[in-house]
Amino acid sequence: MTDVEIKLSDSEFDKIRDRIYQIAGISLGEAKRVLVISRLTKILRALNITSFASYIDFLDKKASRAEKQVFVNALTTNLTRFYREDHHFDHLIEYVGKIIANPDSLKSSNGKSRLRIWSAGCSTGQEPYTIAMALMGKYPQLKTWDFKILATDVDTDVIAKAAMGTYSAGDLDGLSPAQASVFEKPTAETIRVPAHLRNLMTFKPLNLMENWPIKGPFDAIFCRNVTIYFDKPTQTQVFERFSQLLNEDAYLYIGHSENMKAESLGYMLEGKTIYRRLGQQAASQPQKRVNV
Ligand SMILES: C[S@@+](CC[C@H](N)C(=O)[O-])C[C@H]1O[C@@H](n2cnc3c(N)ncnc32)[C@H](O)[C@@H]1O
C-alpha cells in the first residue's frame, strides 16, 4: 500500500467515536479527528485495509479480541509523570500516618496490618510507583505490613510497560534529588524502580466500563485524569462504583480538572480533588478506618 492519505468521512468518524465510547467509555470530541486519523491509519496499513469504512466493518464483524484491543490502545491518551499533582501524595502520607498510628488498624487473615491502594487508569505506572515511593520513603515499617498496590488500565500496552518499571532518565526531570535518588540507574539513559517497590504492585488490564473482578476494600483509590475522557453519566457511575470499594473514611483522588457532586455519591470534598468516602450512604459494608 502507498502512503496516500486514507480519508475519514464525517459518518466514519462518528462510527469510530461510537465504537470507542461503547468499548471504553471514551468520548472523543470533534477536535480529535486528526488524532483519530493519525493513530488509526497505522493500524489500517498494518492490516492492509484501504478505507475506514472497511476497518469499521472489520471491527464490527471480524476483529478478534486482540485486534479490538489494538484499536482501544491506539485511542487512549496516556500522559503521566512521577509525582504529578503532588499534593495528593502529601495528603496520602498524612492519612496513612493516621492508619499506622491506629492500634485497631485492619488486619489481613495472616495477622498483618493491611493497606490497599488502587491506581485506576495508571497508564505507564508513574502514578502507582509514586504512591509506593512516597509511602515507603516515609514509613519503612510498611515492609512488615500486608501492603499492596493494584494498578490497572484499559490499555494493555501501557500496563506491559508499567510492569517493567524501567523508564528513560529524562523522566527524572522536575524531581527533587531525594525523589530521584530512589531509582536504580542501569544505564546512563535509563532508570529503574527498585525491586522492593515493584514487588508491592499488581498490574492488570482492566476496563472501567466492564466488571471489576476486585474485592477491595481499599484505603485509597487514585483515578486521576481518566474520567476527563468520560461523559458525566459515565463519570458518576464510576465514582459510585469506587465508593462501594472504599473503606469508610478512605479517599478517592481525582484529576485537577475533574469534579463530582460529592454528597449525592457518598463522598465529602476534603481538599483540592480529594474526596473522603462517607459511611452513612454505604452501598456495601465498608469497614471503619480512622477519622481524619
Ligand atoms: C492521561 S492518563 C492518566 C494517568 C495517571 N492516572 C495520571 O494522572 O498521571 C489516562 C489513562 O486512563 C486510561 N483509561 C481510559 N479509559 C479507560 C477505561 N475505560 N478503563 C480504564 N482505563 C482507562 C487510559 O488508557 C490512560 O492510560
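From a predicted model like this one, the values you see are computed outputs, not experimental measurements. Order of listing sets the numbers, starting from 1, for every ligand and every atom in it.
Between R224 and Y253, the shortest heavy-atom contact is CG-O, 3.3 Å. Counting all heavy atoms, side chain and backbone alike, F183 lies closest to V193 at CE2-CG2, 4.0 Å. Across all non-hydrogen atoms, the minimal contact from G255 to T273 is O-CG2, 3.1 Å. For the pair Y167 and T124, the tightest heavy-atom approach, listed with the atom from each and the gap, is OH-O, 2.5 Å.
Close approach of ligand 1 to N225 is summarised as follows: ligand atoms under 4.0 Å from at least one heavy atom of the residue are 1 (C), 2 (S), 3 (C), 7 (C), 8 (O), 10 (C). Residue-ligand proximity, L208 to ligand 1, at heavy-atom distances under 4.0 Å covers atoms 18 (C), 19 (N), 20 (N), 21 (C). Of all atoms in ligand 1, numbered sequentially from 1 with element shown, those under 4.0 Å from a heavy atom of T76 are 24 (C), 25 (O). The atoms of ligand 1 that sit less than 4.0 Å from any heavy atom of D155 are 25 (O). When each atom of ligand 1 is checked for a heavy atom of L79 under 4.0 Å away, the hits are 1 (C), 2 (S), 3 (C), 4 (C), 9 (O). Within ligand 1, the atoms closer than 4.0 Å to a non-hydrogen atom of S123 are 4 (C), 27 (O), numbered from 1 in the order shown. Which parts of ligand 1 touch R224 is read off a 4.0 Å heavy-atom cut-off, strictly below it: atoms 3 (C), 5 (C), 6 (N), 7 (C), 8 (O). Shown in contact with N207 at under 4.0 Å from a heavy atom are these atoms of ligand 1, numbered in order with element: 18 (C), 19 (N), 20 (N).
When only interatomic distances are considered, the shortest N/O to N/O separation between C122 and ligand 1 does not fall below 3.5 Å. Residue N78 places at least one N or O, backbone or side chain, under 3.5 Å from an N or O of ligand 1. For ligand 1, one of its N or O atoms has an N or O atom of V154 under 3.5 Å away.
For the pair R241 and W212, the distance from NZ or CZ to the six-membered ring centre is under 6.0 Å and the angle to the ring normal is within 45 degrees. Geometrically, R17 engages F13 in a cation-pi contact defined by less than 6.0 Å to the ring centre and at most 45° from the axis.
In this structure, R276 contributes its side chain and Y251 its backbone to no donor-acceptor pair below 3.5 Å.
Atom 7 (C) of ligand 1 has R84 NH1, 3.2 Å as its closest protein atom, hydrogens excluded (heavy atom only). Scanning the protein heavy atoms around atom 27 (O) of ligand 1, the nearest turns out to be D153 OD2, 2.7 Å. Nearest non-hydrogen protein atom to atom 4 (C) of ligand 1 is G121 O, 3.3 Å.
Checking S181 against Q179 by side-chain atom types alone, no donor-acceptor pair falls below 3.5 Å.
Residue-level proximity to ligand 1 for T77 is carried by the backbone, the only part with a heavy atom below 4.0 angstrom. Contacts between E127 and ligand 1, counted as non-hydrogen atom pairs separated by less than 4.0 Å, involve the side chain only. Contacts of F222 with ligand 1, taken as heavy-atom pairs under 4.0 Å, are absent altogether.
For N211, the CG atom is loosely surrounded, since the number of other residues' heavy atoms within 6.0 Å does not exceed 12. Residue K261 places its NZ atom among 12 or fewer non-hydrogen atoms of other residues, nucleotides or ligands, all under 6.0 Å distant.
By the 30° and 60° cut-offs, the orientation of the rings of F242 relative to F239 is tilted.
Proximity of L206 to ligand 1 is established by a heavy-atom distance of less than 4.0 Å. In this structure, A24 has a heavy atom closer than 4.0 Å to ligand 1.
Under the side chain to side chain donor-acceptor pair (under 3.5 Å) rule, D60 has a single partner from K68, K15, R19, which is R19.
One option in V238, T80, T234, I26 has a heavy atom closer to atom 15 (C) of ligand 1 than any other, and that option is I26.
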